[in-house]
Asks: 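The structure is given below, and queries will be raised subsequently.
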Amino acid sequence: MLLAATFFISVLLIGGFYLLKRIKTLAYNYVYMSKLPGPPPDGIFIGNMSYLQTSPENLFVRLREAMKNFYPIYKLYACHKIGANILSPEDCELIMSNPAHNTKAQLYDLLHNWLNDGLLTSNGLKWQTRRKILTPAFHFNILQDFVQIFNEESQELVNIFKKECKKSYVNVTPHVTQFTLKTIAETAMGSKLNFKTQEDNDYKQAVYDVGKILLYRLVHPWFVLKFFNFFSPWYLQERKLTNILHDFTKQVIKEREENFDHDALPQEQHDVYLGKRRMAMLDLLLSAKHKDGIIDNEGIQEEVDTFMFEGHDTTAAALSFALMLLACHKESQNLILQEMAEVLGDLHKKPSQNDLQSMRYLERCLKESLRLYPSVFFIARALGEDMKTFSGYLLPKDTIVIMHIYDIHHNPDIYPDPEKFDPDRFLPENSQNRHPYAYLPFSAGARNCIGQKFAILELKAAVCAILANFVLEPVDTPETITLIADIILRTKEPIKIKLIPRSN
Ligand code: HEM
């Protein structure tokens with residue numbers, strides 16, 4: 001009896017202690033965060049909920065207005081969660097360059113049902129170990145082998161466009177999405193998709209549909225939590241879509257594992273990319289499982305899900321926007337063709353990695369396109385320690401910081417006439433005085449995009465193949481499209497352009 005009473009009192013005391021500590025932290029955070037400017041809240045608990053709960057296109061516009069009203073920082077809050085919205089390169093540098101702030105914010109829990117704890121969403125030692133395993137999969141020598149696949153898939157995209165170009169316009173977004181999905185599956189997973197099967201098409205549609213549900217959960221913050229998500233109107237639909245996504249990647253892994261050559265495992269880590277045996281990403285993961293035992297089946301599944309998503313959706317958005325901008329700027333199309341003629345001689349010659357790398361004007365066009373339309377338009381972290389912003393606000397440890405890449409890229413003080421497409425902004429002489437954190441399409445610091453070189457080479461190969469075969473003419477323009485807030489930057493409707501076969 002005495003023992004039970006002592007146990008009960010101890011539990012009560014410890015529980016009470018933690019509760020008080022939590023209340024103290026919340027109060028401390030609230031005091032500091034309340035000093036930040038921001039849109040007026042609707043009430044003490046509901047905070048800015050009504051500000052957030054609007055259509056995806058209105059939300060996108062509202063967030064842009066907040067940049068104008070509250071630069072360089074503002075707060076938004078809902079329930080007991082307060083987010084500090086960061087709009088200046090200086091504050092991004094303070095966060096991204098400090099390893100203490102490498103932890104992804106709770107917002108990324110939204111992705112857990114689908115991506116579990118893959119590279120994008122994991123933290124701490126798990127993230128470090130995985131990043132170390134996966135970095136060689138994107139080494140220069142491996143990318144060299146991938147360029148052939150980029151060229152083959154670009155040619156297939158051109159073949160589709162050749163059939164479609166008889167129409168008065170082409171909806172490019174679904175076609176380029178298929179292109180980037182096939183490319184990541186074949187390069188990183190060694191799996192060739194043909195989109196003739198129901199599973200391939202269901203996967204593509206499920207990625208799109210799940211994004212809508214994730215956004216719904218994001219603006220209804222209680223549904224971010226797994227427990228409350230159970231009561232969301234979309235819970236069953238999310239489960240169904242997640243099953244489609246997982247069944248698809250399980251099949252990709254199964255097929256690769258069946259054909260995996262255990263005898264050809266590299267002896268040393270550096271053998272992986274020094275030309276002795278080059279390994280695609282999935283092979284590296286299988287090797288880490290069979291040879292070193294540092295990853296299990298669940299670990300492989302979460303990385304394959306992560307890379308299939310991150311490796312195609314972002315690049316498809318980037319290519320769709322780049323094609324629209326090039327269609328609107330015939331002079332840029334001509335300059336790219338001129339550069340292709342200089343580097344390749346024959347416009348229809350398939351470019352090598354060196355060829356693609358030496359196309360500097362094309363690179364500037366893609367950089368400018370990613371400035372105007374950064375596929376990942378915001379990223380979020382949880383502060384690992386207190387931080388003083390450049391403008392003097394104190395943000396307490398654990399604060400959710402949301403860095404708005406889109407707004408930094410459209411700041412007229414950094415990019416004069418920011419809506420203008422001007423690839424020469426990225427000439428060395430025009431960028432040397434720009435803040436190093438003023439251009440962040442691939443984020444920066446230790447948690448930057450592992451696939452950025454892959455993405456740029458893939459985009460260059462696709463643009464070269466398309467321009468060698470077609471003149472692009474505008475149907476959609478920056479003025480006609482409607483941008484929406486989603487898990488990545490998307491347009492409300494697919495982007496339309498006109499493709500005129502090139503006569504050469
Ligand atoms: C134009 C295309 C792309 C853009 C704009 C882009 C952008 C980004 C950004 C901004 C991040 C940081 C995300 C965050 O902190 O929340 C990121 C991370 C990541 N990206 Fe990309 N990405 C692109 C293409 C790719 C490709 C092709 C791959 C794979 C082949 C890839 C794989 C990843 C992964 C795995 C991460 C997480 C890295 C980590 O936390 O260590 N991305 N990307």
Side-chain angles (χ1 to χ4, degrees), residues 17-49 51-52 62-109 123-124 127 218-219 221 224-225 377-411 413-414 435-440 443-448:
F17 173 75
Y18 278 109
L19 192 67
L20 278 177
K21 212 172 145 206
R22 182 85 193 113
I23 292 172
K24 194 180 147 213
T25 311
L26 281 176
Y28 174 78
N29 288 4
Y30 187 81
V31 168
Y32 279 102
M33 294 295 284
S34 60
K35 295 185 181 154
L36 297 187
D42 303 321
I44 258 201
F45 185 69
I46 46 179
N48 300 108
M49 214 101 81
Y51 184 88
L52 293 167
R62 273 185 193 173
L63 292 173
R64 306 305 58 97
E65 279 164 3
M67 154 84 180
K68 290 189 196 122
N69 296 335
F70 303 115
Y71 185 89
I73 187 167
Y74 66 96
K75 67 171 180 292
L76 279 176
Y77 76 99
C79 306
H80 65 292
K81 293 281 173 206
I82 312 182
N85 292 269
I86 306 287
L87 302 165
S88 77
E90 290 79 10
D91 286 339
C92 284
E93 178 169 21
L94 289 172
I95 298 163
M96 290 175 171
S97 65
N98 183 348
H101 307 315
N102 273 351
T103 302
K104 292 292 172 81
Q106 213 184 4
L107 293 183
Y108 290 74
D109 288 359
N123 289 309
W127 169 76
L218 182 67
V219 296
V224 174
L225 302 172
F377 64 108
F378 73 95
I379 57 181
R381 301 278 171 82
L383 294 184
E385 58 191 29
D386 290 0
M387 172 189 136
K388 192 158 187 191
T389 69
F390 198 72
S391 48
Y393 291 103
L394 186 102
L395 304 181
K397 181 176 183 288
D398 294 330
T399 298
I400 299 170
V401 283
I402 301 144
M403 289 166 273
H404 290 275
I405 296 173
Y406 184 95
D407 292 310
I408 294 175
H409 285 187
H410 287 252
N411 182 337
D413 294 332
I414 305 172
H435 193 285
Y437 286 71
Y439 184 67
L440 296 167
S443 182
R447 296 218 67 162
N448 68 355

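Residue numbers count from 1 along this sequence.
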Asks: Is there side-chain contact between Tyr74 and Leu87, with at least one heavy-atom pair below 4.5 Å?
Replies: yes
Asks: What distance do Ile73 atom CD1 and Leu36 atom CG have between them, rounded to the nearest 0.5 Å?
Replies: 5.0 Å
Asks: If I compare all heavy atoms of Pro37 with all of Phe70, which pair ends up nearest, and what's the gap?
Replies: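 That would be CB-CD2, 4.0 Å.
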Asks: Roughly how far, to the nearest 0.5 Å, is CD1 of Ile405 from SG of Cys92?
Replies: 7.5 Å
Asks: Please report the closest heavy-atom contact between Ala446 and Asn102, naming both atoms and the distance.
Replies: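 Where Ala446 meets Asn102 most closely, the heavy atoms are CB-ND2, 3.8 Å.
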Asks: Please answer whether the main-chain N or O of Tyr77 pairs with a side-chain N or O of Asn48 as donor and acceptor at a distance below 3.5 Å.
Replies: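 Indeed, once roles are kept as given, a pair shorter than 3.5 Å links the two residues.
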Asks: Does a side-chain heavy-atom distance below 4.5 Å link Ser391 with Tyr71?
Replies: no
Asks: Applying side-chain contact (heavy atoms from CB on, under 4.5 Å), run through Asp386 and Leu395 and close with a yes or a no.
Replies: CA-CA 6 Å; Asp386 290 0; Leu395 304 181; over 6 Å; no
Asks: Could you tell me whether Phe390 atom CZ has more than 12 heavy atoms of other residues or ligands within 6.0 Å of it?
Replies: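 Counting neighbours around CZ of Phe390, 12 or fewer heavy atoms of other residues, nucleotides or ligands fall under 6.0 Å, so no.
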Asks: side-chain contact (heavy atoms from CB on, under 4.5 Å) between Met96 and Leu440: does it pass, once the steps are laid out?
Replies: CA-CA 11 Å; Met96 290 175 171; Leu440 296 167; 4.0 Å; yes
Asks: Any side-chain heavy-atom pair from Tyr51 and Pro40 closer than 4.5 angstrom?
Replies: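 In short, these two side chains do not touch, never coming nearer than 4.5 Å.
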Asks: What is the minimum heavy-atom distance between Leu107 and Ala380, and which atoms define it?
Replies: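 Closest approach of Leu107 to Ala380, heavy atoms only: CD1-CB, 3.7 Å.
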Asks: Report yes or no: does Tyr437 contribute a side-chain atom to a donor-acceptor pair with the main-chain N or O of Leu94 at less than 3.5 Å?
Replies: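 Checking the backbone N and O of Leu94 against the side chain of Tyr437, no donor-acceptor pair under 3.5 Å is found.
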Asks: How far does OG1 of Thr103 sit from CG of Asn123, to the nearest 0.5 angstrom?
Replies: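 So the gap between those two atoms works out to 4.5 Å.
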Asks: Step by step, work out the side-chain contact (heavy atoms from CB on, under 4.5 Å) result for Ile379 and Arg447.
Replies: CA-CA 11 Å; Ile379 57 181; Arg447 296 218 67 162; over 6 Å; no
Asks: Indicate yes or no: at least one non-hydrogen side-chain atom of Tyr406 is less than 4.5 angstrom from one of Arg64.
Replies: yes
Asks: Under 4.5 Å between any side-chain heavy atoms of Leu383 and Pro396, yes or no?
Replies: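 The answer is no; the side chains never approach within 4.5 Å.
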Asks: Looking at CE of Met403 and NE2 of His101, how far apart are the two atoms once the value is rounded to the nearest 0.5 Å?
Replies: 9.5 Å
Asks: If every non-hydrogen atom of Ser443 is compared with every non-hydrogen atom of Arg381, which pair is closest and at what distance?
Replies: OG-NH2, 3.9 Å
Asks: Can you tell me how far apart CE (Met387) and CG (Asn98) are? Round to the nearest 0.5 Å.
Replies: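 Taking CE in Met387 and CG in Asn98, the distance rounds to 9.0 Å.
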Asks: If you apply the rule side-chain contact (heavy atoms from CB on, under 4.5 Å), what do you find for His435 with Glu93, and how did you get there?
Replies: CA-CA 9 Å; His435 193 285; Glu93 178 169 21; 3.2 Å; yes
Asks: How many angstroms lie between CZ in Phe378 and CG in Asn85, if you round to the nearest 0.5 Å?
Replies: 10.0 Å
Asks: Tell me the closest heavy-atom pair linking Arg62 and Leu52, and the distance in Å.
Replies: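 The pair with the smallest heavy-atom distance is NH1-N, 4.5 Å.
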